[in-house]
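So the structure is just underneath, and the comments pick up after that.
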Protein chains: 2
Amino acid sequence: MQANVNLDQILEELDATGTLEGIQGVIVKLRNAFGVDHIIYHWVDSAGEQYGCGTYSDEWRDHYIAQSYIRVDPVVIGCFQRFHPVDWKRLDWSGKPARAFLADAMKHGVGNQGFSIPIRGPNGQFALFTVNHTCDDAEWARFSELNSRELILIAHYFNRKALEFEPERKGEQSRALSPREIDAMTLLAMGYSRAQVADTLAISEHTLRVYIESARFKLGAHNTTHAVARALSRGLIIV
Amino acid sequence: MQANVNLDQILEELDATGTLEGIQGVIVKLRNAFGVDHIIYHWVDSAGEQYGCGTYSDEWRDHYIAQSYIRVDPVVIGCFQRFHPVDWKRLDWSGKPARAFLADAMKHGVGNQGFSIPIRGPNGQFALFTVNHTCDDAEWARFSELNSRELILIAHYFNRKALEFEPERKGEQSRALSPREIDAMTLLAMGYSRAQVADTLAISEHTLRVYIESARFKLGAHNTTHAVARALSRGLIIV
DNA sequence: AGCCCCCTCGCGCTTTTTGGGGAGTGGAAA
DNA sequence: TTTCCACTCCCCAAAAAGCGCGAGGGGGCT
């Protein structure tokens, strides 16, 4: 295990690729460069959709999905509440399902040492970049200390690339909301009732209603809650 | 403007500090090291609370907050929908309020060139790390290309530090939603009416109501729309 | 000048949502 | 074992949201 990596070159190659196969190729190169067992980029969508890319065996990946391990995996759970990269040893493996999961993972060739970086994008996107290896604690500590910064950057670039593959971002361009509509949506998102919003904006409740309906129409929303949700996830309003 | 920075040393110092003043000191050092006009770390809370740290003048900061510029600022709005660092020139400054904001900003000593990095943490936390300067486009392009990676890393470390200071993170760790509550919130955010949600989840509408109320309670929300908005901005659900 | 959009306001009506109760199961943790 | 919590079901009255019909002034763009 040695960190003999030309970061620039790898990031450039990642940047240049336009296919999933290309990304997979970069991952393999990265693994070889770092001299570790596995590198995985794991995209987690809360709708239950997952998209993975990495050097784990196909069996393990399929097994992971089939078992819904994502709801058990301490790496995912732990990283989801953290910001900084985390060593697997510092996670909570005490639960019974967690230990069963770990045993199962090792049986499928997952190494005993791991280092995962949580990454978050717009609209609640969440992903994990993981480096996995088999070695003793001291060696692993040395490795992760040496390379953590490079790995953070690599994780960042991977996610940036992954977001490019996100399908619907470009097609769905909605008209921008008017200032009053933004006010209305914002206050509604803050929990105000229509009466309170109208009062806050110093307009009649009917006028407010017009704004809400107009915003709903522009956003293609079925109801107020939907409109607020869309405005939020499109970044049109900030609460 | 020169990039004569000892990244390791600065990050170490940041890591070692335990006070806001210390962070402020690191920012000033960073600014001097990079030789730019301003460096700002700007935290935007899901409750609308802001917390800033940087070299902008106090007047500008207070003015920014007083004017609720956060809802106008194209940097905030633009970064909120993006993942990768963004040059201010690539943002949409066409709106009238945006231009007024820009003029106001420049009057308060904000430079014409900027480079902002969006950062996201757990529970929908969002922050911006910004480098600001006054120079021509070519020089700025050279600078940002040279330093973008270092800046990403620095932004990452700043946010990590900022999360340590977050007071209520530990106290007000809003209880996570139960699976059914997440289902309910998600479907509501997708625009379904209660009847449709109940139907989709194959439960009675009354039962659904219990979930919604429970979720509302857990999220400290005044009404359903508020609950959905909070769940969204905390990253508990994704639409 | 005409068009389109933004802002503002009115009344009445139907449907949906909400808030106040209460009640029972099963599983997991203390 | 008891005590939580998640999950399921029910009634009723009040509040809120949605939908229909209107109306007019102002600003900007072509």
Side-chain angles (χ1 to χ4, degrees), chain A residues 71-72 77 92 94-100 174-231 236-237, chain B residues 72 94-100 173-231 236-237:
Chain A
R71 310 221 174 270
V72 178
I77 295 171
D92 177 22
S94 63
K96 209 158 131 191
R99 269 188 307 225
S174 57
R175 243 184 320 168
L177 299 180
S178 80
R180 284 311 235 185
E181 286 158 1
I182 291 180
D183 292 341
M185 289 293 108
T186 303
L187 291 169
L188 287 173
M190 293 184 350
Y192 289 35
S193 71
R194 287 210 311 207
Q196 289 174 304
V197 174
D199 201 50
T200 305
L201 296 179
I203 55 178
S204 81
E205 200 172 328
H206 179 83
T207 303
L208 171 71
R209 235 185 51 196
V210 177
Y211 296 150
I212 298 175
E213 272 172 41
S214 162
R216 222 175 43 220
F217 179 73
K218 287 182 182 175
L219 295 167
H222 299 132
N223 53 47
T224 301
T225 301
H226 193 196
V228 168
R230 290 209 150 170
L236 301 174
I237 60 173
Chain B
V72 177
S94 62
K96 206 159 137 193
R99 269 186 309 222
Q173 261 292 8
S174 58
R175 251 180 315 171
L177 299 181
S178 78
R180 286 310 239 183
E181 286 158 0
I182 291 178
D183 292 341
M185 288 292 110
T186 303
L187 291 169
L188 287 174
M190 292 184 349
Y192 289 37
S193 72
R194 286 210 318 207
Q196 289 174 304
V197 174
D199 199 52
T200 305
L201 296 180
I203 55 177
S204 81
E205 202 172 325
H206 314 287
T207 303
L208 172 69
R209 230 192 50 196
V210 177
Y211 296 148
I212 298 174
E213 270 174 47
S214 164
R216 222 175 39 222
F217 180 73
K218 287 183 182 173
L219 295 167
H222 299 132
N223 54 44
T224 302
T225 300
H226 194 196
V228 168
R230 288 209 153 170
L236 302 174
I237 62 173

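All figures in this text were calculated on a predicted structure; none of them were measured in a lab. Letters A, B, ... are given to chains in the order of the sequence lines, protein chains preceding strands, and every chain is numbered from 1.
- Within the 4.0 Å cut-off from OP1 or OP2 of C:dC6, at least one side-chain nitrogen or oxygen of A:Lys218 is found.
- Within the 3.5 Å criterion, the main-chain N or O of A:Thr224 finds no donor-acceptor partner in the side chain of A:Arg216.
- In this entry the distance linking CD of A:Gln196 with C1' of D:dA15 reads 13 Å, nearest Å.
- Between the CG atom of B:Leu177 and the P atom of D:dC5 there is a distance of 15 Å, rounded to whole Å.
- Contacts of A:Thr225 classified as side-chain hydrogen bond (donor to acceptor under 3.5 Å, both in side chains), with partners at least two apart in sequence or in another chain: B:Thr225.
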Per-nt protein contacts along nucleotides 17-27 of chain D (heavy atom under 4.0 Å; B base, S backbone sugar-phosphate only, - none) come out as BBBB-------
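- Within the 4.0 Å cut-off from OP1 or OP2 of D:dT8, not a single side-chain nitrogen or oxygen of B:Ser204 is found.
- As rounded to whole Å, 13 Å separates atom P of C:dT17 from atom CG of B:Leu187.
- Among the heavy atoms of the strands lying under 4.0 Å from A:Ser178 are primed sugar atoms or P, OP1, OP2 only; no base atom is included.
- Between A:Ser214 and A:Thr207, the residue anchored nearer the 5' end of DNA chain C, judged by the nucleotide with its closest heavy atom, is A:Ser214.
- Residues forming a side-chain hydrogen bond (donor to acceptor under 3.5 Å, both in side chains) with A:Thr186 (at least two apart in sequence, or on another chain): none.
- In this structure, B:Thr200 has no side-chain hydrogen bond (donor to acceptor under 3.5 Å, both in side chains) partners at least two apart in sequence or on a different chain.
- Legend: residues meeting ring pair (Phe, Tyr, Trp, His ring centres under 6.0 Å) with B:His206, ordered by chain and number and at least two apart, are absent.
- When the side-chain contact (heavy atoms from CB on, under 4.5 Å) test is applied to A:Ala100, no partner is found at least two apart in sequence or on another chain.
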